[in-house]
Amino acid sequence: MQTAEFDGTGRKVSVIGVGTWSLEGSRSENVRSIRYALDHGVNFIDTAEMYGTEDIVGEAIKGYRREDLFIATKVWPTHFAYHDVLKSCEESLKKLGTDYVDLYQLHWPNPSVSIKETMSAMEKLVDEGRIRYIGISNFSVKEMKEAMSALAKYRIVSNQLEYNVATREIEDEGIYDFCRKNGMAIIAYSPLSHGKIFGNEMILETLTDIGKKYGKRPAQVALNWIIRKGAFPIPKASKPIHMAENIESTDFTLSDEDMKTLDSLYQRHPIRSIASRYKGH
């Protein structure tokens, strides 16, 4: 499994992570799927208090060396008040069955709570060793700047955003470049656009044709494109067989020519992000 430094942390993290939003199937199958990933070199697992999967992750990681894992979770925006952040973190730690999380993220911006108040709580959690690093999710450039200025001692190491071959708003809005310039890792959620990219005939045909060159499936090509962009995709996989397919997206490298072909898909076949709908854009 390829690894890359998670920007600003010095930690080596697998170039692909495990997403746990809206897991399907049985709990035991979900646990087996996560463990399959861990047994095959993946060490990055992402969850959130809102997902309702923290306890599944907690069960899956039992028996593994905690220091080898990079566990990320998120606090929901209605819990951004100082004491609510601390309480949410404590509850997440209990469900995960761990003393700390590597990355604690603000799930969405919440303008109704002072970002300074929220970040004060996040820094306290770092001071106490309950979290290692501070992250954000679905933040615009303006919101990132506000969050950065609200910190007194630590820095934001990542922004988790929707990003795939057909959803590229983070490039249009300058978020991608801002993260790169400021040493923030980009975590790409919905890396397959919940299957929407396969519902578009032209996108599917392009992914299929390119995949034939490498002996790969369309989804594996789409995931490798994100890795080549320097982001960390976190596809969900409720079954071990799907997890195996995701992992195989890391063992080849798309050519520059194929990257350009995939880059061009967005202008012709864009898919709006969840964030744009959520924020009313």
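Keep in mind the model is a prediction, meaning the values are calculated, not measured. Below, all heavy atoms of this structure are taken into account, side chains as well, without hydrogens, waters or symmetry copies.
- To the nearest 0.5 Å, atoms CD (E49) and SG (C89) are separated by 9.5 Å.
- In terms of modelled atom types and a separation under 3.5 Å, the side chain of S158 and the main chain of G135 share no donor-acceptor contact.
- Shortest non-hydrogen contact noted between N110 and S112 is OD1-OG, 2.5 Å.
- Rounding to the nearest 0.5 Å places CG of N159 at 5.0 Å from CE of M144.
- For D102 and R66, the salt-bridge test passes: some basic side-chain N is under 4.0 Å from an acidic carboxylate O.
- Listed by chain and residue number, F6 satisfy the ring-ring contact (aromatic ring centres under 6.0 Å, His included) test with F232 (two or more places apart in sequence, or in another chain).
- Between K95 and E91 there is no salt bridge, since none of the side-chain N atoms of the basic residue sits less than 4.0 Å from a carboxylate O of the acidic one.
- In summary, of the residues considered (I134, V126, V75, L93), a side chain to side chain contact (heavy atoms under 4.5 Å, CB included) with Y104 occurs for V75 alone.
- Here D84 pairs with H79, A81 under the side chain to side chain contact (heavy atoms under 4.5 Å, CB included) rule; sequence neighbours left out.
- Note that CD of E162 is 14.5 Å distant from CD1 of I187, once rounded to the nearest 0.5 Å.
- Side chain of R228 to backbone of L254: a donor-acceptor contact under 3.5 angstrom is found.
- The closest side-chain donor-acceptor pair between N138 and Y189 falls under 3.5 angstrom.
- Summarising the geometry, atom OG belonging to S238 is positioned 9.0 Å from atom CD1 belonging to I56; distances are rounded to the nearest 0.5 Å.
- In terms of the side chain to side chain donor-acceptor pair (under 3.5 Å) criterion, D99 has no residue partners (sequence neighbours excluded).
- For the pair V157 and R155, the minimum side-chain heavy-atom distance is below 4.5 Å.
- The existence of a salt bridge linking D263 and K229 is confirmed by a sub-4.0 Å separation between a basic side-chain nitrogen and an acidic carboxylate oxygen.
- Using a 4.5 Å heavy-atom threshold, the side chains of S114 and M119 count as separate.
- Residues that satisfy the ring-ring contact (aromatic ring centres under 6.0 Å, His included) test with Y100, not counting sequence neighbours, are absent from this structure.
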Query - D209 vs K212, side-chain contact (heavy atoms from CB on, under 4.5 Å): CA-CA, chis, key distance, verdict - result: CA-CA 5 Å; D209 288 345; K212 288 177 181 177; 4.2 Å; yes
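- Among all heavy-atom pairs drawn from A166 and I203, the shortest one is CB-CD1, 3.9 Å.
- Surrounding NZ of K213 are more than 12 heavy atoms belonging to other residues, nucleotides or ligands, all under 6.0 Å away.
- Residues S249 and I16 meet the side-chain proximity criterion, which asks for heavy atoms closer than 4.5 Å.
- Note on residues 118-138: no pairs pass ring-ring contact (aromatic ring centres under 6.0 Å, His included), not counting sequence neighbours.
- No side-chain heavy atom of E24 sits less than 4.5 Å from a side-chain heavy atom of H242.
- Side-chain atoms of Y36 and K239, non-hydrogen and from C-beta on, never get closer than 4.5 Å to each other.
- With sequence neighbours left out, the side chain to side chain donor-acceptor pair (under 3.5 Å) criterion links D7 to no other residue.
- Sorted by first and then second residue, the side-chain hydrogen bond (donor to acceptor under 3.5 Å, both in side chains) pairs with a member in residues 174-184 form an empty list; sequence neighbours excluded.
- The side chain to side chain donor-acceptor pair (under 3.5 Å) search around T20 returns T47, T53, not counting sequence neighbours.
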Report task. Take L265 and I197, measure what side-chain contact (heavy atoms from CB on, under 4.5 Å) needs, and give me the verdict at the end. Result -> CA-CA 10 Å; L265 289 175; I197 58 175; over 6 Å; no
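- Side-chain contact between V141 and E173: absent, with no pair of heavy atoms (C-beta onward) separated by less than 4.5 Å.
- Among pairs with a residue in residues 122-131, those fulfilling side-chain hydrogen bond (donor to acceptor under 3.5 Å, both in side chains) read E90-R130, K124-E128, D127-K153, D127-Y154, at least two apart in sequence or across chains.
- Taking CG of N30 as the start and CD of E59 as the end, the distance is 9.5 Å to the nearest 0.5 Å.
- In the model, S137 has no side-chain atom that pairs as donor or acceptor with a side-chain atom of Q105 under 3.5 Å.
- What you find for S33 and A237 is that their closest heavy atoms are OG-O, 2.6 Å.
- Counting all heavy atoms, side chain and backbone alike, A147 lies closest to I115 at CA-CG1, 3.8 Å.
- Using a 4.5 Å heavy-atom threshold, the side chains of I170 and F178 count as separate.
- Interatomic distance, CD1 of I61 versus CG of N43, reported as 12.0 Å (0.5 Å rounding).
- With sequence neighbours excluded, the residues satisfying ring-ring contact (aromatic ring centres under 6.0 Å, His included) with H107 are Y51, W76.
- For S14 against M1, the heavy-atom pair with the smallest separation is CB-CG, 3.8 Å.
- By the 4.5 Å heavy-atom criterion applied to side chains, R132 and F70 are not counted as neighbours.
- Every residue meeting the ring-ring contact (aromatic ring centres under 6.0 Å, His included) condition with Y214, not counting sequence neighbours, appears here in chain and number order: F252.
- A side chain to side chain donor-acceptor pair (under 3.5 Å) with D251 is found for exactly one of Q2, Q220, K216, namely K216.
- The pair R217-E248 does not count as a salt bridge, with every side-chain nitrogen at least 4.0 angstrom from each carboxylate oxygen.
- In this structure, the side chain to side chain donor-acceptor pair (under 3.5 Å) partners of Y163, at least two apart in sequence or on a different chain, are E171.
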